[in-house]
Amino acid sequence: MTTSHYIAGHWVEGQGSDCISVNDPAQGQPFAELMAASVTQVDQAVAAARNALPAWKSTSASERAAFLRGFAEQLGQRREALVTLQMRNNGKPRHEAEIDLDDAIATFGYYAELAEQLPSKNRTVPLAAPGFTARTRLEPVGVVGLIVPWNFPLVTSAWKLAPALAAGCTVLLKPSEVTPLIEQAYGQIADALGLPAGVLNIVNGKAETGAALSNHNGLDKLSFTGSNSVGSQVMRSASAQCRPVTLELGGKSAIVVFEDCDVDQAVEWIVAGISWNAGQMCSATSRLLVQDGIANALLPRLQAALANLRVGNPLTEEVDMGPLTSQAQWLKVASYFATAREEGLQCLAGGHALDREGWFVSPTLYTDVPKDSRLWTEEIFGPVLCARRFTTEEQAIAEANDSRFGLVATVCSADLERAERVADALEVGHVWINSVQAVFVETSWGGTKGSGIGRELGPWGLSAYQSVKHVTRCVG
Ligand code: NAD
């Protein structure tokens, strides 16, 4: 790849010093290379977004909606190429790559609708005091930097891009260096639709490029999805400039299974919550809390279900789970297997890397994991499930909430009143009852505690790119 950065409406070569290898994780081999953007190119992209802002924010909401619908349509036209690229570069099974694409399409469609409703939100505010009128104006925040990770590249970018463009912001998107090709589709679509130059800019690169963007004084806001360690650096940069920031960070989410559940159904939910995307989900339900009365029946079936998952190369085999996306992630997960051995954890399934080419690990289950184990408290980001038993509802809630993270949770119970009560008590941003990982564009996404600041999706996702202004007039 030579021209892999989209700046001011042009595809340009990277002038940075980092060479980025794009890998096929099922083979552990690179299939493309590109040069990162330089700091100067980040400056150029910020300047392009700044130049484009006055005209873009003056477009009518319906014009912006038409562009967003165009993105949705053009993503659909690129279906096979984008699905295959996600399978090849992320290691996603086909059906998961399809879901990601459909999610991105739905996101652009949804924010097109919200954009069309924007004029009706600028309305008069009734005042109790006489002699004044006031009206609300929702304005775009301005030039926004969007930094995203590699696990759901099309989706995390769409969740930021679509509302930012709908609000009238101009953007700089920095994809992950692990998956730098997939989001190029957004630049190609911008070209195809004739999106004005500079409204969308895409710069690729590693930490240096990300830091150049998050430290840049030409941004009005930064929205970041990624790890807590980088998130805290991004927050420091935002703090130095007193600038708003949205952070979508990690998780260590609980799945709570009560004893009135159908065992096979519960096993299906538990497996999906830890094996989709090979467990590389911020929302993976990686802490299983299982009630005493069902634990002895459930754990052997869970053990068998994990052992029976078909793990392999999604491009050449029918698989339930692909490889981990990067070698770094594979080494990280392997280091947790080593920690589990050192801690003497009881392993019911997996617990090792697979002896084959590529970055594969086996779906893993540890039981009766102590509360202070690193495997119970830290985000592993792989198909590694840790289980503990509980007796009472209060105990389940307390254990689920005993985490520095607060992204999501799943509650499985036939008693819906109880499930709703537990959902209300959980300190997280999203709870699924008797379902797993179901994300709809109309509901919010984001976490409490260490899982981040702010919300994406739904109307909240649009508000994240809007600034509220009131105009108050004395009428005598
Ligand atoms: P990461 O933090 O390593 O990287 C994320 C992005 O930040 C990448 O584009 C990277 O190049 C960039 N970056 C790296 N160093 C930077 C710096 N110093 N300044 C600015 N940018 C920098 O995360 P990752 O490994 O790509 O993704 C995995 C993490 O993302 C997990 O912790 C996961 O839970 C989290 N995640 C959260 C959500 C959510 O919605 N809460 C969604 C997906 C992933």
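The residues of the chain are indexed from 1 along the displayed sequence. All values below come from the heavy atoms of this structure, side chains included, with hydrogens, waters and symmetry mates left out.
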Strictly by side-chain hydrogen bond (donor to acceptor under 3.5 Å, both in side chains), give each pair with a member in [range] just once, sequence neighbours left out.
| range | result |
| --- | --- |
| residues 236-249 | N215-S237, K221-T246, Q241-R243 |
| residues 301-314 | D264-R301, R310-D320 |
| residues 153-167 | D103-W159, S157-E183, K160-S223, K160-T225, K160-E456 |

Could you list all the ring-ring contact (aromatic ring centres under 6.0 Å, His included) pairs where at least one residue sits in [range], not counting sequence neighbours?
| range | answer |
| --- | --- |
| residues 281-325 | none |
| residues 227-262 | F258-F390 |
| residues 272-316 | none |
| residues 165-188 | F108-Y186 |

For [X] and [Y], indicate whether the former's side chain and the latter's backbone hold a donor-acceptor pair under 3.5 Å.
| X | Y | answer |
| --- | --- | --- |
| K92 | P314 | no |
| E177 | K206 | no |
| T448 | G406 | yes |
| T170 | V143 | no |
| N277 | G279 | no |
| Q86 | A97 | yes |
| T325 | N90 | yes |
| T364 | V384 | no |
| R287 | S403 | no |
| Q329 | F381 | yes |

**Study point:** R388 with D368: basic N within carboxylate O range, under 4.0 Å
**Key:**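 Answer for the salt bridge query: no.
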
Q. side-chain contact (heavy atoms from CB on, under 4.5 Å) between R389 and L299: does it pass, once the steps are laid out?
A. CA-CA 11 Å; R389 296 166 195 241; L299 290 171; 3.6 Å; yes

Who passes side chain to side chain donor-acceptor pair (under 3.5 Å) against [X], sequence neighbours left out?
| X | answer |
| --- | --- |
| R78 | Q74 |
| E427 | K449 |
| E80 | T84, R94 |
| S463 | none |

From [atom1] ([X]) to [atom2] ([Y]), nearest 0.5 Å:
| X | Y | atom1 | atom2 | answer |
| --- | --- | --- | --- | --- |
| S286 | I255 | OG | CD1 | 10.5 Å |
| K252 | S283 | NZ | OG | 13.0 Å |
| L219 | C169 | CG | SG | 11.0 Å |

Compute whether any side-chain donor of one residue and acceptor of the other, for [X] and [Y], lie under 3.5 angstrom apart.
| X | Y | value |
| --- | --- | --- |
| Y6 | Q188 | no |
| D260 | S413 | yes |
| N204 | K174 | no |
| T391 | D292 | yes |
| R88 | N23 | no |
| E139 | S467 | no |

State, with a plain yes or no, whether a side-chain heavy atom of [X] is found less than 4.5 Å away from one of [Y].
| X | Y | answer |
| --- | --- | --- |
| L138 | V468 | yes |
| D24 | N89 | no |
| L385 | L302 | yes |
| Q184 | I202 | no |
| L249 | C282 | no |
| Q437 | T410 | no |
| I147 | S214 | yes |
| T209 | L213 | no |

Going through the distances and angles, do I189 and L75 end up as a side-chain contact (heavy atoms from CB on, under 4.5 Å)? CA-CA 8 Å; I189 292 172; L75 280 170; 3.9 Å; yes

For the [atom1] atom on [X], are there more than 12 heavy atoms of other groups (residues, nucleotides or ligands in this structure) within a distance under 6.0 Å?
| X | atom1 | answer |
| --- | --- | --- |
| E318 | CD | no |
| F440 | CZ | no |
| W330 | CH2 | no |
| M235 | CE | no |

Across all chains, not counting sequence neighbours, the salt bridge (charged side-chain N to carboxylate O under 4.0 Å, His left out) partners of D102 are R79

Taking P153 as the fixed residue, which of I182, L85, L181 is the one that meets the side-chain contact (heavy atoms from CB on, under 4.5 Å) rule?
->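 With P153 as partner, I182, L85, L181 yield a single side-chain contact (heavy atoms from CB on, under 4.5 Å), made by I182.
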
Report task. Report yes or no: is the cationic atom of R69 (NZ for Lys, CZ for Arg) under 6.0 Å from the centre of the six-membered ring of F67, at an angle within 45° of the ring normal? Result ->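 No.
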
In terms of heavy-atom contacts, G447 and S451 come closest through CA-CB, 3.8 Å

- Show your working on side-chain contact (heavy atoms from CB on, under 4.5 Å) between L324 and Q280 and close with a plain yes or no. CA-CA 8 Å; L324 297 178; Q280 301 164 119; 3.7 Å; yes

Please evaluate residues F337 and V361 with respect to the criterion side-chain contact (heavy atoms from CB on, under 4.5 Å), reporting the C-alpha separation (whole Å), side-chain torsions for both, the decisive distance (0.1 Å), and the verdict. CA-CA 10 Å; F337 293 147; V361 296; 3.9 Å; yes

